[in-house]
Amino acid sequence: MADQDINTYDFLINDEDEAMLLLYAHKGEPKDSSIELNVENKSAILHRTPTDDVYLDGIPDDVLDSMQDSDKLLVCELSIEKDDKDTKIVYAYEAEITD
């Protein structure tokens, strides 16, 4: 995630087949977050707050499969730093998965 674009995001899957979304921190604290999947289009909308949505596209099949098998997605919003080693987690929260 080193290109410093706030719209950059990535997914990780742990050994228990649980997906996690990594993205750069947006303004304002997340509240009542959910993520709406569109499996057919391999996309999703992260509703960070009632007025702030983040559109995600090109989601890999294994990540979609993992999210379809779960009720919640762990989301980590990271600070943007000049050096990746200085990056910190600004917000970590669970988003309810809907489709």
Side-chain angles (χ1 to χ4, degrees):
M1 293 187 49
D3 76 5
Q4 309 295 327
D5 179 0
I6 193 155
N7 296 317
T8 299
Y9 57 88
D10 200 2
F11 288 94
L12 299 175
I13 298 178
N14 67 14
D15 292 337
E16 286 81 40
D17 195 38
E18 298 167 327
M20 177 173 63
L21 172 62
L22 301 171
L23 69 157
Y24 288 120
H26 288 239
K27 290 184 180 179
E29 189 169 346
K31 182 178 181 184
D32 300 326
S33 299
S34 65
I35 186 162
E36 183 179 343
L37 299 180
N38 185 328
V39 176
E40 185 176 299
N41 292 333
K42 296 184 180 187
S43 64
I45 301 171
L46 172 64
H47 304 287
R48 290 185 71 251
T49 70
T51 59
D52 184 14
D53 295 335
V54 178
Y55 297 92
L56 310 167
D57 60 358
I59 300 173
D61 289 333
D62 60 336
V63 173
L64 286 170
D65 289 343
S66 173
M67 287 194 290
Q68 284 184 295
D69 293 338
S70 185
D71 295 331
K72 297 189 184 244
L73 174 70
L74 179 60
V75 180
C76 290
E77 294 190 24
L78 308 172
S79 62
I80 296 177
E81 306 294 341
K82 287 186 180 191
D83 191 338
D84 281 347
K85 69 179 180 171
D86 296 328
T87 299
K88 296 178 177 58
I89 296 174
V90 178
Y91 302 112
Y93 54 96
E94 290 184 332
E96 182 179 347
I97 297 173
T98 63
D99 47 30

Cluster check Ile45, Val39: I/L/V/M/F/W/Y, side chain < 4.5 angstrom: no
Donor-acceptor contact below 3.5 Å, side chain Ser66 vs main chain Asp17: yes
Exam field: side chain Glu36 to backbone His47, donor-acceptor pair closer than 3.5 Å: no
Pair Tyr9-Asp57, side chain to side chain contact (heavy atoms under 4.5 Å, CB included): steps then yes or no: CA-CA 10 Å; Tyr9 57 88; Asp57 60 358; 3.2 Å; yes
Audit row: Glu18, Ser70, side chain to side chain contact (heavy atoms under 4.5 Å, CB included) steps and yes/no: CA-CA 8 Å; Glu18 298 167 327; Ser70 185; 6.0 Å; no
Asp52: partners by salt bridge (Lys or Arg N to Asp or Glu O under 4.0 Å), with sequence neighbours left out: Arg48
Leu56 vs Ile35 side-chain heavy atoms within contact, under 4.5 Å: yes
Partners passing salt bridge (Lys or Arg N to Asp or Glu O under 4.0 Å) against Asp61 (at least two apart in sequence or in another chain): Lys42
Side-chain (Tyr93) to main-chain (Asp32) donor-acceptor, under 3.5 angstrom: no
His26/Thr49 under side chain to side chain contact (heavy atoms under 4.5 Å, CB included): CA gap, chis, key distance, verdict: CA-CA 11 Å; His26 288 239; Thr49 70; over 6 Å; no
Thr87 side chain to Asp84 backbone, donor-acceptor under 3.5 Å: yes
Straight-line distance of Leu74 CG to Leu12 CG, nearest 0.5 Å: 9.5 Å
Spatial distance of atom CG (Leu64) from atom CG (Leu37) [nearest 0.5 Å]: 6.5 Å
Euclidean distance, Leu21 CG relative to Leu46 CG, rounded to 0.5 Å: 6.5 Å
Verdict with reasoning, Leu23 to Val75, per side chain to side chain contact (heavy atoms under 4.5 Å, CB included): CA-CA 8 Å; Leu23 69 157; Val75 180; 3.5 Å; yes
Enclosure of Glu16 CD (heavy-atom neighbours >12, cutoff 6.0 Å): yes
Nearest heavy-atom neighbours spanning Pro50 and Lys31: CD-O, 3.9 Å
Nearest-0.5 Å distance that lies between atom CD in Glu96 and atom CG in Leu73: 11.5 Å
Atom pair OG1 (Thr98) and CG (Asp71), whose distance is rounded to the nearest 0.5 Å: 11.0 Å
Lys88 side chain reached by Val90 side chain, heavy atoms, under 4.5 Å: no
